[in-house]
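Step one of this worksheet: look at the structure below.
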Amino acid sequence: MRDNVRELPLIRFLRSLDYLQIAAVVLLLSVGLVFIRSTGIQIDTPESLASFGKQLIWIGIGTAVYFFVAMLDYRSFSCRVAMLMGYAVSVVLLVVVLFFGLKIFGATRWLNVFGMRLQPSEPAKLMVIGMLSAIFSAPKFSANKFLCFAMAGAAVGIPFFLIAIEPDLGSSLVLLPVAAMILFCFGIKWRYVLLGIAAVAAGIGFIIFDSMREDPILLRGYQRDRIKVFLNPGSDLSNRGHNAHQAKLAVGSGGLSGTGIGKGIQNELGFLPHTVSNNDFIFSVIAEETGFAGVMFLLLLYLVLLYTILRTAFLVSGYGRYIAVGVATLIFCHIFINIGMSIGIAPVTGLPLPLVSYGGSFILTAMTTLGLVQSVYRQKKLEMME
């Protein structure tokens with residue numbers, strides 16, 4: 001005990017970190033940088049070449065945020081208040097982007113902040129996790145009481161609706177499994193679980209039905225076409241199905257060891273569109289250039305990352321556990337859907353590959369969420385060190 005008192009704060013901080021998580025994060029960021037640079041050189045345009053430098057800046061900012069958040073005590077009153085305020089701000093930004101956002105490819109998802117594009121839906125995912133964790137860990141909360149259940153539903157439903165009408169159906173749908181896993185972790189009664197499963201099944205059925213209509217009620221035209229192409233991959237290879245088809249060809253052509261970094265034919269010749277090769281379909285580039293071996297290494301890194309998050313969830317209870325479970329679910333959904341759309345088992349959406357895809361908004365969100373999990377781990381480690 002006396003040694004702990006004399007120990008310098010910096011040394012104490014360093015001793016309490018989860019270095020396995022840090023190693024996985026560093027390696028995944030490095031993989032992303034290698035292939036963002038690779039695609040930039042192959043495409044050889046000013047914008048593509050600048051992507052590497054921009055990503056470095058975002059990683060630098062994200063790393064600073066990661067360690068700053070890791071230093072905080074996530075249980076403190078100020079952190080909880082900051083999370084609730086962050087939720088309110090994220091909802092406001094989601095409203096603002098609908099009226100003043102940049103419209104790109106028919107979707108209004110980005111805000112121009114000092115010349116840089118920010119996507120409010122990304123930090124909103126973290127804030128939903130924080131809000132749900134705060135609600136479920138409140139002393140008198142019970143998810144089995146209808147009023148409290150409705151409160152949690154509203155915390156998810158408001159950002160879900162605002163993100164869906166941008167439109168960004170992929171990002172909005174990710175909120176559902178995040179909420180479901182936190183509910184499951186809380187111990188919700190089975191009748192509510194079955195009710196939720198029925199509601200999700202009905203929603204998926206309606207979306208599929210809506211995609212078959214010439215004049216969809218909920219879906220935009222391009223969303224309808226994406227679902228139709230997903231259900232029938234060979235129906236529109238020259239237009240809506242082109243990206244997904246080329247992505248699968250790139251993955252399949254990698255073989256065991258790949259064509260070599262910077263030597264991917266699908267990307268270099270433009271069969272895989274240059275606008276998506278370093279973000280939405282960067283997995284296809286990695287698969288083609290490093291083959292099965294490279295893909296297994298990438299998946300191993302993600303398994304290690306998810307292991308460290310879930311390990312933290314099992315070490316703690318209440319607020320910290322809900323945060324870790326929510327973060328693990330969010331990252332897993334991004335991994336599954338991004339890779340899934342590259343190999344044809346999920347429809348094409350704009351969900352990035354965590355820590356690997358090009359883009360500042362999700363890098364900052366991912367680094368902040370992982371920093372929060374690191375904070376949860378640190379506080380438990382400090383308790384064990386006492």
Side-chain angles (χ1 to χ4, degrees), residues 18 21 24-25 65-66 69-70 72-75 79-80 82-91 94 120-138 141 143 148-149 151-160 163 170-188 192-193 196 200 302 305-338 351-352 354-355 361-362 364-380:
D18 184 352
Q21 183 195 101
V25 169
V65 172
Y66 175 88
V69 174
L72 303 175
D73 184 349
Y74 74 99
R75 302 165 300 183
C79 281
R80 288 178 181 249
M83 190 70 77
L84 297 179
M85 291 178 62
Y87 177 86
V89 171
S90 68
V91 170
L94 288 173
S121 61
E122 297 299 349
K125 297 170 185 175
L126 168 60
M127 298 310 162
V128 167
I129 293 173
M131 177 61 83
L132 288 176
S133 300
I135 291 173
F136 284 115
S137 60
F141 181 86
C148 295
F149 185 76
M151 187 191 308
V156 179
I158 293 171
F160 175 91
I163 295 171
S171 290
S172 63
L173 289 176
V174 165
L175 298 178
L176 299 182
V178 168
M181 287 306 298
I182 294 176
L183 273 168
F184 180 78
C185 184
F186 179 82
I188 189 172
Y192 292 123
V193 174
V200 171
Y302 278 126
L305 180 63
L306 290 171
Y307 163 75
T308 63
I309 300 171
L310 292 174
R311 178 183 61 182
T312 299
F314 281 103
L315 287 174
V316 297
S317 60
Y319 187 50
R321 176 171 291 182
Y322 301 141
I323 287 174
V325 167
V327 172
T329 306
L330 176 65
I331 291 177
F332 173 80
C333 288
H334 270 261
I335 295 169
F336 179 82
I337 295 174
N338 182 278
L351 294 183
L355 305 176
S361 296
F362 193 69
L364 287 181
T365 299
M367 294 298 281
T368 305
T369 57
L370 291 170
L372 195 55
V373 174
Q374 186 73 257
S375 174
V376 175
Y377 178 87
R378 281 193 61 249
Q379 297 308 316
K380 184 62 179 181

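Here the structure is a predicted model, which means the values were calculated and not measured.
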**Study point:** Step-by-step side chain to side chain contact (heavy atoms under 4.5 Å, CB included) determination, V25 to M367
**Key:** CA-CA 9 Å; V25 169; M367 294 298 281; 3.9 Å; yes
Point to revise | Step-by-step side-chain hydrogen bond (donor to acceptor under 3.5 Å, both in side chains) determination, Q379 to Y74 | key: CA-CA 8 Å; Q379 297 308 316; Y74 74 99; over 6 Å; no
Mark yes or no for whether [X], through its side chain, and [Y], through its backbone, hold a donor-acceptor pair below 3.5 Å.
X	Y	result
R378	A70	yes
S375	G371	no
Y302	P354	yes
T365	F362	no

Review point. Applying salt bridge (Lys or Arg N to Asp or Glu O under 4.0 Å), which residue pairs with at least one partner in residues 306-322 are found, sequence neighbours left out?
Key: D18-R311
Practice item. Provide the full list of salt bridge (Lys or Arg N to Asp or Glu O under 4.0 Å) pairs with a residue in residues 172-186, sequence neighbours left out, each pair given once. Key: none
Check your understanding: Looking at residues at least two apart in the chain, or sitting in another chain, which of them share a side-chain hydrogen bond (donor to acceptor under 3.5 Å, both in side chains) with S121?
Key -> Q119
Practice item. List for me each residue that meets side-chain hydrogen bond (donor to acceptor under 3.5 Å, both in side chains) alongside Y377, sequence neighbours excluded, and say none if there are none. Key: none
Exercise for review: Mind checking side chain to side chain contact (heavy atoms under 4.5 Å, CB included) for A180 and listing every partner two or more places apart, or none if nothing turns up?
Suggested key: none
With side chains defined as the heavy atoms from C-beta onward, is the minimum distance between [X] and [Y] less than 4.5 Å?
X	Y	answer
L94	P159	yes
M131	I135	yes
I129	L372	no
L183	L132	no
Q21	L370	yes

Practice item. For V178 and L175, run side chain to side chain contact (heavy atoms under 4.5 Å, CB included): C-alpha distance rounded to whole Å, both residues' side-chain angles, the deciding distance at 0.1 Å, then the answer. Key: CA-CA 5 Å; V178 168; L175 298 178; 5.5 Å; no
Work out which heavy atom in [X] is nearest to a heavy atom in [Y]; give both atom names and the distance.
X	Y	result
Y319	S137	CD1-OG, 3.5 Å
V156	A179	CG2-CB, 3.8 Å
A366	L355	CB-CD2, 3.8 Å
L72	C79	CB-SG, 3.9 Å
A155	Y87	O-OH, 2.7 Å
L306	A328	CD2-O, 3.6 Å

Review point. What is the distance from atom CE of M127 to atom OG1 of T368, rounded to the nearest 0.5 Å?
Key: 7.5 Å
Check your understanding: In Å, rounded to the nearest 0.5 Å, how long is the span from OH of Y307 to OG1 of T312?
Key -> 9.5 Å
Tell me which donor-acceptor pairs under 3.5 Å the side chains of residues 329-338 have, and how far apart each pair is, sequence neighbours excluded?
| residue | atom | partner | partner atom | Å |
| --- | --- | --- | --- | --- |
| T329 | OG1 | V325 | O | 2.8 |
| H334 | ND1 | P352 | O | 3.1 |
| H334 | NE2 | K125 | NZ | 2.9 |
| N338 | ND2 | D280 | O | 3.0 |
| N338 | ND2 | L351 | O | 2.8 |

